[in-house]
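Every chain is numbered from 1, with letters handed out A, B, ... down the list of sequences.
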2 protein chains.
Amino acid sequence: MKAHGMAGHLIRRLNQVSTHVFSQHMQEAGLDLTPVQFAAMDAIATHPGIDQASVAAHIAYDRATIGGVIDRLEQKGFVARNVSKRDRRAREVRLTDRGQEVLDEILPVVTALQEEILTGLDDAERQTFLRLARKAIGSLPDQTG
Amino acid sequence: MKAHGMAGHLIRRLNQVSTHVFSQHMQEAGLDLTPVQFAAMDAIATHPGIDQASVAAHIAYDRATIGGVIDRLEQKGFVARNVSKRDRRAREVRLTDRGQEVLDEILPVVTALQEEILTGLDDAERQTFLRLARKAIGSLPDQTG
DNA sequence: CGCAAATAGTAAGTATAGCTATTAATTGCT
DNA sequence: AGCAATTAATAGCTATACTTACTATTTGCG
């Protein structure tokens with residue numbers, strides 16, 4: 001079990017806990033949204049009419065994955081997609097009224113649940129952890145093509 | 001982009017960087033091993049003859065996922081599986097000679113690559129980060145059924 | 001012993017997550 | 001204008017990751 005204390009393993013575990021806490025709270029809220037779907041909706045809300053590739057860039061995903069995510073958001077009726085007039089290759093994505101409603105409802109829940117992800121840490125430790133995480137990511141080149 | 005600074009998002013990004021660094025180095029080493037496959041091999045090497053459910057428990061995965069992982073390790077010839085004599089439901093898993101060879105070869109590479117995951121942090125920060133990550137995980141109940 | 005409960009593994013289904021390749025459209029350069 | 005390079009999206013492929021359901025065993029208990 002040499003792998004146990006390694007950074008990669010710890011980070012994977014944290015991610016596992018994170019997604020678990022997320023879906024737990026979504027379920028309690030009676031909504032079936034994944035972390036990625038939430039992140040995508042958040043990006044779309046902030047940039048209405050954004051194209052899929054830009055959504056992917058904003059939340060650091062690759063284009064292929066985002067396509068599927070937006071497919072499912074569209075099926076749920078949270079997002080609408082139409083061909084851009086400026087560039088007929090691109091799809092402009094927007095939240096529907098229902099999508100905006102859901103996002104407004106869910107944002108405070110998601111904000112609150114963040115603390116639970118790092119339950120084992122006290123406030124000061126949590127701040128330190130987040131500061132270091134931001135620093136570690138901020139100083140790295142984008143990993144997504 | 002309210003989601004950007006949130007713990008969940010940062011952790012997802014870190015995990016993304018982590019797996020990216022990992023596969024980069026595996027590719028350079030001429031091996032096609034994923035982080036999970038490595039973790040599984042490490043657990044199996046430490047507990048020869050372990051059953052699949054225990055492998056899953058050791059690295060915090062669920063049984064169904066581990067089944068597929070071990071399938072692929074078996075296909076690569078790194079792992080051998082046979083029905084336990086004590087419990088005919090269980091499969092005893094062991095590294096093959098080739099599997100042990102590969103693990104021996106890869107362990108130092110994997111150990112070395114851990115630092116690269118947290119490239120943006122200096123030594124002290126890296127230690128702090130890992131300590132807090134361990135604490136955050138250690139104090140949480142097992143998320144896997 | 002006999003049978004209900006628990007357990008190991010697999011199967012099927014959904015959702016990431018990323019890769020390469022392909023198609024369609026746009027841009028940049030000459 | 002003409003064409004190469006680029007770009008947006010999708011398709012197909014592989015590998016996680018977790019859920020519920022199912023089969024085969026084994027265990028625990030009366």
Side-chain angles (χ1 to χ4, degrees), chain A residues 8-9 11-24 26-27 32-40 50-57 59-76 81-93 142-145, chain B residues 8-9 11-24 26-27 32-40 50-57 59-76 81-93 142-145:
Chain A
H9 186 257
I11 290 170
R12 183 180 64 75
R13 289 292 313 271
L14 282 173
N15 195 44
Q16 195 176 32
V17 170
S18 172
T19 56
H20 193 262
V21 169
F22 190 98
S23 47
Q24 201 95 63
M26 284 308 112
Q27 211 170 317
D32 170 31
L33 263 195
T34 67
V36 188
Q37 287 168 11
F38 163 75
I50 194 177
D51 63 304
Q52 294 186 191
S54 301
V55 174
I59 60 180
Y61 270 85
D62 84 313
R63 290 205 310 281
T65 303
I66 279 301
V69 172
I70 294 183
D71 278 352
R72 286 179 282 277
L73 286 174
E74 199 177 28
Q75 270 168 24
K76 289 183 216 271
R81 213 176 348 189
N82 35 32
V83 175
S84 164
K85 261 162 257 169
R86 289 181 300 94
D87 184 341
R88 297 217 312 284
R89 290 168 306 179
R91 309 275 178 277
E92 291 179 355
V93 191
D142 203 340
Q143 302 288 340
T144 330
Chain B
H9 186 258
I11 291 170
R12 183 180 64 74
R13 289 294 312 271
L14 282 172
N15 194 46
Q16 197 176 30
V17 171
S18 171
T19 56
H20 192 262
V21 170
F22 190 97
S23 47
Q24 202 95 62
M26 284 309 111
Q27 211 170 316
D32 170 32
L33 263 196
T34 67
V36 187
Q37 289 168 11
F38 163 76
I50 194 177
D51 64 303
Q52 296 185 190
S54 301
V55 174
I59 59 180
Y61 271 84
D62 82 311
R63 290 205 311 281
T65 303
I66 280 301
V69 172
I70 294 183
D71 278 352
R72 285 179 284 275
L73 285 174
E74 200 178 27
Q75 270 170 21
K76 290 183 216 269
R81 213 176 348 189
N82 36 31
V83 174
S84 166
K85 262 163 256 169
R86 290 180 301 93
D87 184 342
R88 297 216 313 286
R89 291 168 305 180
R91 308 275 178 276
E92 291 179 354
V93 191
D142 203 341
Q143 302 288 341
T144 331

Rounded to whole angstrom units, what separation is found between the [atom1] atom of [X] and the [atom2] atom of [N]?
X	N	atom1	atom2	answer
B:Asp62	C:dT10	CG	P	13 Å
B:Gln75	D:dT14	CD	P	10 Å
B:Ile66	D:dA15	CD1	P	14 Å
B:Ile70	D:dA15	CD1	P	15 Å
A:Gln27	C:dA15	CD	P	14 Å
B:Leu73	D:dA15	CG	P	10 Å
A:Arg12	C:dT16	CZ	C1'	15 Å
A:Asn15	D:dA15	CG	P	20 Å

So, is [X] near the phosphate of [N], with a side-chain N or O under 4.0 Å from OP1 or OP2?
X	N	result
B:Thr65	D:dT16	no
B:Arg88	D:dT26	yes
A:Gln16	D:dT16	no

Legend entry - Nearest-0.5 Å distance, CD1 of residue B:Ile66 to CD of residue B:Gln52: 8.0 Å
Legend entry - CG-NE2 distance between B:Leu14 and B:His9, expressed to the nearest 0.5 angstrom: 10.5 Å
Legend entry - Closest approach of A:Ala39 to A:Ile59 (non-hydrogen atoms, all atoms of both residues): O-CG2, 3.9 Å
Legend entry - Nearest non-hydrogen partners of A:Ala60 and B:Arg12, listed with the distance: O-NH1, 3.9 Å
Inset, instruction - List the protein contact pattern of nucleotides 4-13 of chain D with one symbol per nucleotide (5' to 3'): B for base contact, S for sugar-phosphate-only contact, - for none; contact means a heavy-atom distance under 4.0 Å. - result: ---BBBBB--
Legend entry - Upstream residue (5' side of DNA chain C) when A:Val69 and A:Arg86 are each assigned their closest nucleotide: A:Val69
Inset, instruction - Report yes if some heavy atom in the side chain of B:Arg91 is under 4.5 Å from a heavy atom in the side chain of B:Asp51; otherwise report no. - result: no
Name the atoms and distances for all side-chain donor-acceptor pairs under 3.5 Å in residues 67-76 of chain B, with sequence neighbours left out.
unit_1	atom_1	unit_2	atom_2	d
B:Asp71	OD1	B:Arg81	NH2	2.6
B:Glu74	OE1	B:Arg81	NH2	2.8
B:Lys76	NZ	B:Asp32	O	2.9
B:Lys76	NZ	B:Asp32	OD2	3.3

Inset, instruction - Check whether the side chains of B:Ser84 and B:Asp87 place a donor and an acceptor atom closer than 3.5 Å, and report yes or no. - result: no
